[in-house]
Amino acid sequence: MTAVTQPTPLPKPVTTLSRDDARRTALRAQGLLGAPDRRAGVRGVLRHLGAVQLDTISVLARSHELVPYARLGAVGRPAVEAAYWSASPVGAPAARPHSFEYWSHAACILPIEEWPHFAFRRRARRARGHRWHVMADSERSCAAVLDRLKADGPLTTSELGGGRNGGEWWDWSETKIAVEWLLDTGEVVCTERRAWKRVYDLAERAVPDDLLHDDLDDAECIRRLVAQAGAAMGVATRADLADYHRLKGEQVDAVVADSGLVPVEVEGWGKPAWADPAALTAPPRGRHRTTLLSPFDSLIWDRPRTERIFGFTHRLEAYVPRPKRIHGYFAMPLLAGGQLVGRVDPAREGSTLVARQVSMGGPKAITPMAQALREAATWVGCDSVRVERCDDPKLAAALRTELTHMGD
């Protein structure tokens, strides 16, 4: 008779949080409740969140620009890019990059200090042997890329010889397959983008010596990422912790007890949860940010968590056929008073910010929506706002009136 392995009993929760406590804890952990750390700026936001997702869509701005904007306000867009990609100035004690691009929740900008903690993923990629594409001659193709980078310094794909064979976007050239494979496995690193193009460099040249190693075993890497995710979310379920850096549930299970996170119970969640102990030391209080959020913002990128915390169902409709869209191509949720109270699908026409489709939860969302639209318009260099459609005609009229008053 085969023995049945009993699951490890869950530890007793150290405290119980109300739904509102959990929501406010999550907001504070994400930098959206309380005074922003303006001295730390964009780099501070990146270090605190641990990952800022990249995406090709640019409406008001690209998503990685919208994330610090939501937390810090109207930071200049060139300053955002410089904060992510610029190395320390020449002559500084240690000229080093502040970030690198790698696979976390998706393609993300990550603090350079986290390079060692993604060794587990680089090892997994090497063990698999390929990603989506298979090279005709991997040894020769990879060697050619490395030789070019060694001789000529950091290069884009086009500078290396081109990314496509001339067909569809996924019909990659051998050079593109090789450099992306080298990025996956850690021989090449991206610490900069130029005009949205990755700039590839040798990891041995770009990553600081004290960080350039794969010495940490898988358990230590994953333990660090689980702890970091927990701190960035404040309070989280097992599934939340796994989703933040796209880990497996069993990987979380293996390390969470030693991660420094503490078990808690959250009213209405129905699942065990873990909290950053620092988040439990003081009640989450302070000023709530009123802002539009990128659909790829780490506060809301996990749709089940967003629905559980805010009672707000969100779906990116960029890839939904136009006739089937409900809220629009790039609907941005409106955060106000610590709640998600509406959404808007924005666009720009010259110096006008166009709210192509607006949805609001009720009259209380009118003023916050107007404020958020005005602030966003100013940030991207628009001097007027036009509302095209709204799912409630009365709210639409009130919103247009409010925008007119704010523009006076």
Do the non-hydrogen side-chain atoms of [X] and [Y] ever get within less than 4.5 Å of each other?
{"X": "E81", "Y": "H64", "value": "yes"}
{"X": "R71", "Y": "P36", "value": "no"}
{"X": "L46", "Y": "Y84", "value": "yes"}
{"X": "V255", "Y": "E220", "value": "no"}
{"X": "C390", "Y": "L399", "value": "no"}
{"X": "S294", "Y": "F330", "value": "yes"}
{"X": "I366", "Y": "M360", "value": "yes"}
{"X": "H117", "Y": "L216", "value": "yes"}

Residues [X], [Y]: salt bridge by 4.0 Å N-O rule:
{"X": "E192", "Y": "R198", "value": "no"}
{"X": "R322", "Y": "E317", "value": "no"}
{"X": "E113", "Y": "R47", "value": "no"}
{"X": "E388", "Y": "R356", "value": "no"}
{"X": "D240", "Y": "R308", "value": "yes"}
{"X": "K150", "Y": "D147", "value": "no"}
{"X": "E159", "Y": "K176", "value": "no"}
{"X": "R123", "Y": "D214", "value": "no"}

* Asked: Going through the distances and angles, do E349 and V354 end up as a side chain to side chain contact (heavy atoms under 4.5 Å, CB included)?
  -> CA-CA 7 Å; E349 292 180 4; V354 181; 3.8 Å; yes
* Check the pair D253 / R238 against salt bridge (charged side-chain N to carboxylate O under 4.0 Å, His left out), numbers first and verdict last. => CA-CA 8 Å; D253 293 340; R238 170 188 188 256; 2.7 Å; yes
* **Crowding at CG, D209 (>12 non-hydrogen neighbours, <6.0 Å)** => no
* Asked: CZ of R315: more than 12 outside heavy atoms within 6.0 angstrom?
  -> no
[X] side-chain N/O to [Y] backbone N/O, donor-acceptor pair under 3.5 Å:
{"X": "W85", "Y": "T191", "answer": "no"}
{"X": "S259", "Y": "L261", "answer": "yes"}
{"X": "H288", "Y": "L27", "answer": "no"}
{"X": "R348", "Y": "C382", "answer": "no"}
{"X": "R126", "Y": "T185", "answer": "yes"}
{"X": "Y102", "Y": "D184", "answer": "yes"}
{"X": "Y329", "Y": "Y319", "answer": "no"}
{"X": "R285", "Y": "G34", "answer": "no"}
{"X": "R28", "Y": "P283", "answer": "yes"}
{"X": "S104", "Y": "A106", "answer": "no"}

Nearest-0.5 Å distance that lies between atom [atom1] in [X] and atom [atom2] in [Y]:
{"X": "L60", "Y": "L353", "atom1": "CG", "atom2": "CG", "value": "5.5 Å"}
{"X": "T16", "Y": "E267", "atom1": "OG1", "atom2": "CD", "value": "9.5 Å"}
{"X": "D297", "Y": "L66", "atom1": "CG", "atom2": "CG", "value": "8.5 Å"}
{"X": "C108", "Y": "E114", "atom1": "SG", "atom2": "CD", "value": "12.0 Å"}
{"X": "F312", "Y": "R303", "atom1": "CZ", "atom2": "CZ", "value": "10.0 Å"}
{"X": "M369", "Y": "L292", "atom1": "CE", "atom2": "CG", "value": "6.5 Å"}

Could you tabulate the donor-acceptor pairs under 3.5 Å formed by side-chain atoms of residues 225-236, not counting sequence neighbours?
{"unit_1": "Q228", "atom_1": "OE1", "unit_2": "H245", "atom_2": "NE2", "d": "2.6"}
{"unit_1": "Q228", "atom_1": "NE2", "unit_2": "L49", "atom_2": "O", "d": "2.9"}

Least distance between heavy atoms, [X] atom then [Y] atom:
{"X": "G328", "Y": "D345", "answer": "CA-OD2, 3.5 Å"}
{"X": "A70", "Y": "T291", "answer": "CA-OG1, 3.6 Å"}
{"X": "R325", "Y": "A318", "answer": "NH2-O, 3.5 Å"}
{"X": "L247", "Y": "R121", "answer": "CD2-NH2, 3.9 Å"}
{"X": "V344", "Y": "P346", "answer": "O-CD, 3.3 Å"}
{"X": "P68", "Y": "V45", "answer": "CA-CG1, 4.4 Å"}

* Compute the centroid of each ring, for W103 and then for F118, and state whether the two points are separated by less than 6.0 Å. => no
* **S141 and E174: CA distance, side-chain angles, deciding distance, side chain to side chain donor-acceptor pair (under 3.5 Å) verdict** => CA-CA 7 Å; S141 299; E174 184 85 351; 2.8 Å; yes
* Start with the C-alpha distance between R287 and L33, add both sets of side-chain angles, then the distance that settles side chain to side chain contact (heavy atoms under 4.5 Å, CB included), and finish with yes or no. => CA-CA 6 Å; R287 184 179 178 181; L33 172 62; over 6 Å; no
Check: [X]/[Y] side-chain N/O donor and acceptor closer than 3.5 Å:
{"X": "S359", "Y": "H327", "value": "yes"}
{"X": "E180", "Y": "Y200", "value": "yes"}
{"X": "T156", "Y": "S158", "value": "yes"}

* Qualifying residues under ring-ring contact (aromatic ring centres under 6.0 Å, His included), relative to W274, sequence neighbours excluded -> none
* **Evaluation steps, side chain to side chain contact (heavy atoms under 4.5 Å, CB included), between W301 and D243** => CA-CA 9 Å; W301 65 18; D243 185 73; 4.1 Å; yes
* Asked: Any idea how F100 and W115 line up, ring-wise: parallel (<30°), tilted (30 to 60°), or perpendicular (>60°)?
  -> perpendicular
* Working for side chain to side chain contact (heavy atoms under 4.5 Å, CB included), residues V52 and L54 -> CA-CA 7 Å; V52 172; L54 291 157; over 6 Å; no
* Take Q30 and S298 through the side chain to side chain donor-acceptor pair (under 3.5 Å) test and state the conclusion after the steps. => CA-CA 8 Å; Q30 281 283 300; S298 51; 2.7 Å; yes
* Given salt bridge (charged side-chain N to carboxylate O under 4.0 Å, His left out), test E375 with R289 step by step and report yes or no. => CA-CA 12 Å; E375 184 181 49; R289 180 88 173 104; 3.2 Å; yes
* Asked: Of all residues at least two apart in sequence or in a different chain, which pass the salt bridge (Lys or Arg N to Asp or Glu O under 4.0 Å) check with E402?
  -> none
